[in-house]
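What follows is a set of notes on a single structure, which appears directly below.
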There are 2 protein chains.
Amino acid sequence: MPGLVHVVDDDASFRTAIERRLKLAGYDVKTYASAQDFLNAALDDEQPGCILLDVRIPGLSGPELQSRLIAAGSTLPIIFLTGHADTPTTVQAIKAGAEDFLTKPVSSELLLDAIARALARQDAARSHRGKLEAFRAHLATLTQRERQVFDLIVRGRINKQIAYELGTTERTVKAHRHQVMEKMQVHSLAELVSIAERLGMLDPNGR
Amino acid sequence: MPGLVHVVDDDASFRTAIERRLKLAGYDVKTYASAQDFLNAALDDEQPGCILLDVRIPGLSGPELQSRLIAAGSTLPIIFLTGHADTPTTVQAIKAGAEDFLTKPVSSELLLDAIARALARQDAARSHRGKLEAFRAHLATLTQRERQVFDLIVRGRINKQIAYELGTTERTVKAHRHQVMEKMQVHSLAELVSIAERLGMLDPNGR
DNA sequence: GGTGTCACTGCCCCAAAGGACAATATGAAG
DNA sequence: CTTCATATTGTCCTTTGGGGCAGTGACACC
């Protein structure tokens with residue numbers, strides 16, 4: 001699987017060496033001397049890739065960069081690479097979702113394995129998010145009223161109840177309901193509920 | 001949150017010391033000198049508790065015990081505690097779901113924090129699984145035929161189509177459908193679909 | 001042979017959903 | 001003022017879903 005590997009490390013000779021190794025393996029590579037450099041290079045989160053990140057770098061540390069990226073909603077997988085790993089940092093990084101935590105010097109085998117896993121994982125996550133995004137996009141085209149009707153429909157309310165709760169008539173609800181089905185591009189109540197469930201709109205036990 | 005902490009360590013004096021500290025903190029404690037001892041003590045997976053597990057112990061190692069427990073479907077959270085942590089082992093343990101990975105000597109603060117988190121996590125997981133189990137139990141009371149009807153209902157088929165696909169009549173499908181709603185204890189199609197979705201019965205795009 | 005479960009089915013009726021056709025009202029945008 | 005989007009509603013008709021009542025047939029178990 002091809003992809004772009006972002007190498008963030010303050011050691012210039014290390015960057016050069018890694019870049020060479022990764023390019024030999026068929027990956028595109030971009031290097032950064034600091035976390036800030038990386039953040040400045042406004043990057044495309046959707047492009048297949050991952051980050052090879054040193055823990056100890058001047059300025060923003062590796063884990064700090066990880067936090068920022070997570071907070072910013074990035075889904076680029078991160079592989080940490082460090083000279084000396086301490087256990088709490090390792091644990092924290094993995095818990096926060098890092099793909100791996102490797103120590104220098106790293107064998108090409110371990111490194112390439114980790115990169116391959118990271119790219120595979122990102123690919124799976126991206127395609128999954130892609131489907132949800134399509135649903136969200138449809139959902140966004142609903143008007144306020146249609147959205148209210150949608151919420152009640154997927155909770156199992158019948159038109160009569162919805163009409164009462166929204167202070168309108170059954171006929172009106174039917175009209176909105178029709179719009180909802182149309183805009184969400186589904187042909188059955190089951191599909192609609194399924195989508196709502198996947199978007200996490202039903203978790204709290206709303207009966 | 002009270003709970004039973006299983007301490008697995010081959011160092012008798014360490015076991016004694018830890019047991020004292022944990023009991024002071026209000027936890028019940030059981031100790032084991034080896035992973036095998038622990039496995040032999042056929043334990044209740046549902047009871048609130050966690051495992052404090054040494055990595056290097058004679059016989060089955062800590063990570064090996066972890067694998068076995070996972071394979072056996074156990075959901076007891078594991079906190080590793082070891083004298084000298086190596087990075088690959090740490091990474092693997094956390095990836096496999098360990099709650100934490102601590103090094104001896106461990107401060108009471110870190111240890112008790114980890115235990116509290118482990119118990120909280122297990123509690124959340126257990127209550128979540130509890131709900132799903134209730135659904136599964138209802139699902140298990142369905143006859144073969146009812147189950148087939150269930151599968152088609154939650155995929156959005158209408159009675160007429162279901163009847164055709166099962167080679168029977170619409171009236172019969174209605175009868176089964178009634179039984180399904182009754183046995184699953186739901187009052188709307190939406191609830192039924194919601195349950196099916198949560199049980200992961202709809203993920204593959206079956207239209 | 002009696003009993004029970006499960007699957008199947010017809011007839012009839014009511015409730016709910018879907019939709020065609022038509023129309024009113026309101027507020028924002030140009 | 002005109003246009004557009006949104007929300008609203010009525011009448012009428014068809015399709016679906018839900019269910020009562022009643023009965024048949026297969027098969028397993030005692």
Side-chain angles (χ1 to χ4, degrees), chain A residues 134-199 201-202 206-207, chain B residues 134-199 201-202 206-207:
Chain A
F135 294 144
R136 279 192 223 284
H138 292 154
L139 203 58
T141 68
L142 298 184
T143 65
Q144 277 196 338
R145 207 52 160 169
E146 285 160 1
R147 177 54 190 274
Q148 292 176 321
V149 172
F150 171 90
D151 287 338
L152 293 170
I153 288 177
V154 296
R155 279 176 177 70
R157 303 288 202 290
I158 63 180
N159 290 344
K160 195 183 296 184
Q161 292 175 310
I162 297 174
Y164 178 74
E165 291 184 41
L166 296 185
T168 182
T169 66
E170 200 179 331
R171 184 63 192 84
T172 304
V173 173
K174 282 187 184 181
H176 288 319
R177 187 169 188 141
H178 178 78
Q179 282 298 106
V180 170
M181 301 293 280
E182 184 107 356
K183 288 185 176 178
M184 297 301 291
Q185 295 179 15
V186 296
H187 300 86
S188 70
L189 173 58
E191 285 178 79
L192 203 64
V193 175
S194 178
I195 288 174
E197 184 69 55
R198 287 177 206 188
L199 289 178
M201 307 177 66
L202 292 176
R207 68 142 324 219
Chain B
F135 293 144
R136 277 191 223 286
H138 291 154
L139 204 59
T141 68
L142 298 183
T143 65
Q144 278 195 337
R145 207 51 160 171
E146 285 160 0
R147 175 56 188 273
Q148 292 176 320
V149 172
F150 172 91
D151 287 336
L152 293 170
I153 288 177
V154 296
R155 279 176 177 71
R157 302 289 203 288
I158 62 180
N159 290 343
K160 195 182 293 186
Q161 292 175 310
I162 297 174
Y164 178 74
E165 290 185 41
L166 297 184
T168 182
T169 67
E170 202 179 327
R171 184 62 190 82
T172 304
V173 172
K174 283 185 183 181
H176 289 318
R177 187 169 188 142
H178 177 77
Q179 282 298 106
V180 169
M181 301 293 280
E182 183 108 354
K183 288 185 176 177
M184 296 302 290
Q185 296 178 14
V186 295
H187 300 88
S188 70
L189 173 57
E191 284 179 78
L192 203 64
V193 175
S194 179
I195 287 174
E197 185 69 54
R198 287 177 205 188
L199 289 178
M201 306 176 67
L202 292 176
R207 66 141 325 217

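Below, chains carry the letters A, B, ... as their sequence lines are ordered, and counting in each starts from 1. All values reported here derive from a predicted model rather than from experimental measurement.
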Minimum heavy-atom distance [X]-[Y], with the two atoms named:
{"X": "B/Val154", "Y": "B/Asp151", "answer": "CG2-O, 3.4 Å"}
{"X": "A/Ser194", "Y": "B/Glu197", "answer": "OG-OE1, 2.6 Å"}
{"X": "B/Gly156", "Y": "A/Ser188", "answer": "CA-OG, 3.6 Å"}
{"X": "A/Leu202", "Y": "B/Arg198", "answer": "O-NH2, 3.0 Å"}

Just how far, in rounded Å, is [atom2] of [N] from [atom1] of [X]?
{"X": "A/Gln179", "N": "D/dT6", "atom1": "CD", "atom2": "P", "result": "9 Å"}
{"X": "A/Leu189", "N": "C/dA17", "atom1": "CG", "atom2": "P", "result": "9 Å"}
{"X": "A/Arg177", "N": "D/dA7", "atom1": "CZ", "atom2": "P", "result": "17 Å"}
{"X": "A/Glu182", "N": "D/dT6", "atom1": "CD", "atom2": "P", "result": "13 Å"}
{"X": "B/His187", "N": "D/dG18", "atom1": "NE2", "atom2": "C1'", "result": "14 Å"}
{"X": "A/Leu192", "N": "C/dG18", "atom1": "CG", "atom2": "C1'", "result": "15 Å"}
{"X": "B/Glu170", "N": "D/dG17", "atom1": "CD", "atom2": "P", "result": "7 Å"}
{"X": "A/Ile153", "N": "C/dA17", "atom1": "CD1", "atom2": "P", "result": "9 Å"}

What string of B, S and - do you get for nucleotides 6-15 of chain C 5' to 3' if you count protein non-hydrogen atoms under 4.0 Å?
SSSBBB----
Could you tell me whether the phosphate oxygens of D/dG19, OP1 or OP2, come under 4.0 Å of any side-chain nitrogen or oxygen in B/His178?
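Answer is yes, contact under 4.0 Å.
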Within the pair B/Asn159 and D/dT16, is there a side-chain N or O less than 4.0 Å away from OP1 or OP2?
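The answer is no; no side-chain N or O of B/Asn159 sits under 4.0 Å from OP1 or OP2.
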Looking only at side-chain N and O atoms, does B/Gln144 offer a donor or acceptor that is under 3.5 Å from a partner on B/Arg147?
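B/Gln144 and B/Arg147 do not have a side-chain donor-acceptor pair below 3.5 Å.
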Identify which one of A/Ile195, A/Val193, A/Leu139 satisfies the side-chain contact (heavy atoms from CB on, under 4.5 Å) criterion when paired with A/Met201.
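The option that passes is A/Leu139.
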